[in-house]
Amino acid sequence: MKGFFVSFEGTEGSGKTSIIENVTKHFRSLGISVAVTREPGGIRISEKIRDILLDRDHTEMDPRTEALLFAASRRQHLVEKIIPALDKGDLVLCDRFVDSSLVYQGVARKLGIDAVYEINRFAIDDVLPDLTLFIDVRPEVGLARVFKTPDREVNRLDLERREFHNTIYQGYLDLMERYPKRISRIPGEGSIAEVSEKVIEAIEKLMKGRA
Ligand code: TYD
C-alpha cells in the first residue's frame with residue numbers, strides 16, 4: 001500500500017483530538033492528502049455495532065462479546081475506509097486502533113493482551129499501522145485536564161475513574177515494552193502546539209524512511 005498509516009493512542013485528557021487536528025492542517029498545507037478517521041469512522045455497519053457497544057441498557061454484556069464487537073467494528077472500518085485511503089496513497093491518521101482494544105479489553109477488562117490480540121489479528125489480517133504514537137500524559141495530569149477544577153470535591157465515581165485511568169495508563173506502558181518498534185512514545189504534557197510539533201517530526205521521519 002502506498003500510503004502511511006498512523007494511529008494515535010492515549011488516555012482521557014491526552015489531547016489526541018486537538019493534536020490530530022493540528023497535524024492534519026500541517027500536512028494538508030504541504031499538499032499531502034490526509035484521511036482523518038476514528039473508529040467507527042462513519043461506516044454504517046461499524047456505527048450500528050458501536051450503538052450496541054455504547055447502549056447503557058446492555059449491562060449484561062460479557063467482556064469477550066465486547067472485545068469481539070470492537071474487533072468486528074474495526075474490521076469493517078478497515079476494509080471500507082482505511083485500506084482504500086492507503087491504496088490511494090493518503091496519510092491516514094486514525095484516532096485509536098487495535099492497541100485501544102489491547103489495553104481496554106485486554107488489560108482493564110482482564111481478557112489478557114494475547115487473547116485480545118489473537119481475535120484482532122483475525123480482524124485486521126496483519127494490517128497494522130506503520131507507526132503508533134502513544135501520547136504520554138501521566139494519569140493525574142490527564143484527569144486534572146479533564147476535571148479542569150482540580151480542587152473540586154472528589155466523589156466515589158471520580159475515585160473509580162482514577163483507578164481505571166491508572167490501569168489504562170499502566171497498560172499502555174506495558175504495551176510499549178512489548179512492542180518497542182511499533183509503538184513510539186510522544187511526551188504529551190507540554191502545550192498542544194509543542195506536542196503536535198513532536199508528532200509531525202515523528203511522521204516526517206517515517207515518510208523520509210520510505211522515500
Ligand atoms: P471516545 O468517546 O472515542 O473516547 P476518546 O476521546 O477517549 O477516544 O470513546 C472511545 C471509548 O471506547 C474510550 O473509552 C476507549 C474505548 N475503546 C475500547 O474500549 N476499545 C476499543 O477497541 C476502542 C477503539 C475504544
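Atoms within a ligand are numbered from 1 in the order they appear, just like the ligands themselves. Only this structure's heavy atoms are used, side chains among them; waters, hydrogens and symmetry mates stay out. Nothing fancy with the numbering, it's 1 onward along the sequence.
Of the protein's heavy atoms, F70 CE2, 3.7 Å lies nearest to atom 25 (C) of ligand 1. Ranking protein heavy atoms by distance to atom 20 (N) of ligand 1, first place goes to Q105 OE1, 2.9 Å. For atom 10 (C) of ligand 1, the closest non-hydrogen atom on the protein side is R50 NH2, 3.8 Å. Atom 22 (O) of ligand 1 has S101 OG, 2.6 Å as its closest protein atom, hydrogens excluded (heavy atom only).
Within a 6.0 Å sphere centred on CD of E163, heavy atoms belonging to other residues, nucleotides or ligands number 12 at most.
Annotation: the span from L173 atom CG to E177 atom CD amounts to 8.0 Å, rounded to 0.5 Å.
Of the protein's heavy atoms, at least one falls inside 4.0 Å of atom 18 (C) of ligand 1.
With distances taken over non-hydrogen atoms, the option nearest atom 4 (O) of ligand 1 out of K16, R38, E66 is R38.
For ligand 1, the polar-atom distance check finds no N/O of Y104 at less than 3.5 Å from any of the ligand's N/O atoms. On a distance-only criterion, E39 and ligand 1 share no N/O pair closer than 3.5 Å. Among the atoms of R96, some N or O lies under 3.5 angstrom from an N or O of ligand 1.
Under 3.5 Å, the side chains of T37 and H77 contain a donor-acceptor pair of N or O atoms.
At least one side-chain heavy atom of R161 sits under 4.5 Å from a side-chain heavy atom of F147.
Ligand-side atoms of ligand 1 in range of R74: 21 (C), 22 (O), 24 (C), range being under 4.0 angstrom from any heavy atom.
Contacts between E9 and ligand 1, counted as non-hydrogen atom pairs separated by less than 4.0 Å, are absent for every part of the residue.
Ring pair Y169/F134 is tilted by interplanar angle, where 30° to 60° counts as tilted.
Contact annotation: R109 has no heavy atom less than 4.0 Å from any atom of ligand 1.
Remark: K81 does not engage D90 in a salt bridge, criterion side-chain N to carboxylate O under 4.0 Å.
For F97 and F5, the ring centers sit closer than 6.0 Å to each other.
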**Request:** Output, in order, the C-alpha distance, side-chain angles, deciding distance and verdict of side chain to side chain donor-acceptor pair (under 3.5 Å) for Y117 and R178.
**Result:** CA-CA 12 Å; Y117 191 72; R178 222 177 235 251; over 6 Å; no
